[in-house]
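Have a look at the structure below, then the notes.
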Protein chains: 2
Amino acid sequence: MQKTYEQMIRCHCASANTMALIGGKWKIIILDHLRDGTQHFNELQRSIAGITPHTLSQNLKELVSDGLVSRQDFKTTPPSTAYSLDTLGKELLPILTAITTFGENHPLIK
Amino acid sequence: MQKTYEQMIRCHCASANTMALIGGKWKIIILDHLRDGTQHFNELQRSIAGITPHTLSQNLKELVSDGLVSRQDFKTTPPSTAYSLDTLGKELLPILTAITTFGENHPLIK
DNA sequence: CAGTATCCCGCCAGATACTG
DNA sequence: CAGTATCTGGCGGGATACTG
């Protein structure tokens, strides 16, 4: 979770708890790309146009530490890692679906 | 919508379109408080502990300009305004419900 | 009551380069 | 390939005071 949200979750709104976890700029998009299965770091970076390795790494770390995503390190050379939805992340599927559906129905750019 | 998201929506992920609209730190919470009906500026500020007038005003402006919230000004003295979910905002109800449900099931602070 | 005006700061994120 | 290191900056948001 990002520091920005630490204060917000004291407002005792249930929705705040969720936003604290998925509120990062790219987090929902990352989770969205993990819906269909395991993805490598590199796959994520290429499929999410515009994200830098630095930012992707940062967001993934928080997602992992929050229990939404699990990280598997194959400890090979060259290195290979795999990210997938963890238990908690799978509980987000209804949210992801709702967000994606809305986004499809209301594109901001043609 | 906030400037931060302008670049993000070019990644052609449907979810990005949605996050650009609701991605502000307090936006989901504001929308959540508007679910049950019309709220005055002052009511929102008191029920959302921790938000400043400045930030609330800013977020509401964006929500209105994005068509999620409608603002009614009664032009009285002392001034009175009313905020409620607009058409587009009501389409977010499934998302709001999903987010609130998840947040209830996974509190971050006891 | 419903904001606005100002000032300010902290963090998220971008850019670039580098490494095991 | 999968990141980390370092530097930088912009913008969202906080604090406080003020106004029609």
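Because the structure is predicted, anything quoted here is derived from the model rather than measured. Chain A is the first sequence line, chain B the second, and so forth, proteins listed ahead of strands; every chain is numbered from 1. For the numbers below, each heavy atom of this structure counts, side chains included, while hydrogens, waters and symmetry mates do not.
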Nearest-Å distance for atom pair [atom1]/[atom2], residues [X] and [N]:
X: B:His54; N: C:dA2; atom1: NE2; atom2: P; value: 18 Å
X: A:Ile48; N: C:dA13; atom1: CD1; atom2: C1'; value: 14 Å
X: B:Ile29; N: D:dG12; atom1: CD1; atom2: P; value: 18 Å

Where the side chain of [X] is concerned, which of [options] is the nearest nucleotide?
X: B:Asn59; options: D:dA2, D:dC11, D:dG13; answer: D:dG13
X: B:Lys3; options: D:dG3, D:dC11, C:dG14; answer: D:dC11
X: B:Lys25; options: D:dG3, D:dG14, D:dC11; answer: D:dG14
X: B:Ser57; options: C:dC12, C:dG3, D:dG3; answer: C:dG3
X: A:Pro79; options: C:dA2, D:dC1, C:dG14; answer: D:dC1

Below the 4.0 Å mark, does [N] have OP1 or OP2 next to a side-chain nitrogen or oxygen of [X]?
X: B:Thr55; N: D:dG12; answer: no
X: B:Arg71; N: C:dG3; answer: yes
X: A:Thr4; N: C:dC11; answer: no
X: B:His40; N: C:dA2; answer: yes
X: A:Gln2; N: C:dA13; answer: yes

Taking the side chain as C-beta and beyond, is there a heavy-atom pair between [X] and [Y] under 4.5 Å?
X: A:Thr101; Y: B:Ile95; answer: no
X: B:Thr100; Y: B:Arg35; answer: yes
X: A:Leu31; Y: A:Val69; answer: yes

Just call it for [X]: base, sugar-phosphate, or nothing, with non-hydrogen atoms closer than 4.0 Å on any strand.
X: B:Lys75; answer: nothing
X: A:Tyr5; answer: nothing
X: A:Lys27; answer: nothing
X: B:Gln7; answer: sugar-phosphate

Legend entry - 5' precedence on DNA chain C between A:Trp26 and B:Thr81 (nearest-nucleotide basis):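 Counting from the 5' end, the first nearest nucleotide belongs to B:Thr81.
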
Inset, instruction - Could you run through DNA chain C and flag its stems, i.e. three or more consecutive Watson-Crick or G-U pairs with both distances under 3.5 Å? - result: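 Counting only runs of 3 or more consecutive pairs, the stems involving DNA chain C are C:1-20 with D:1-20.
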
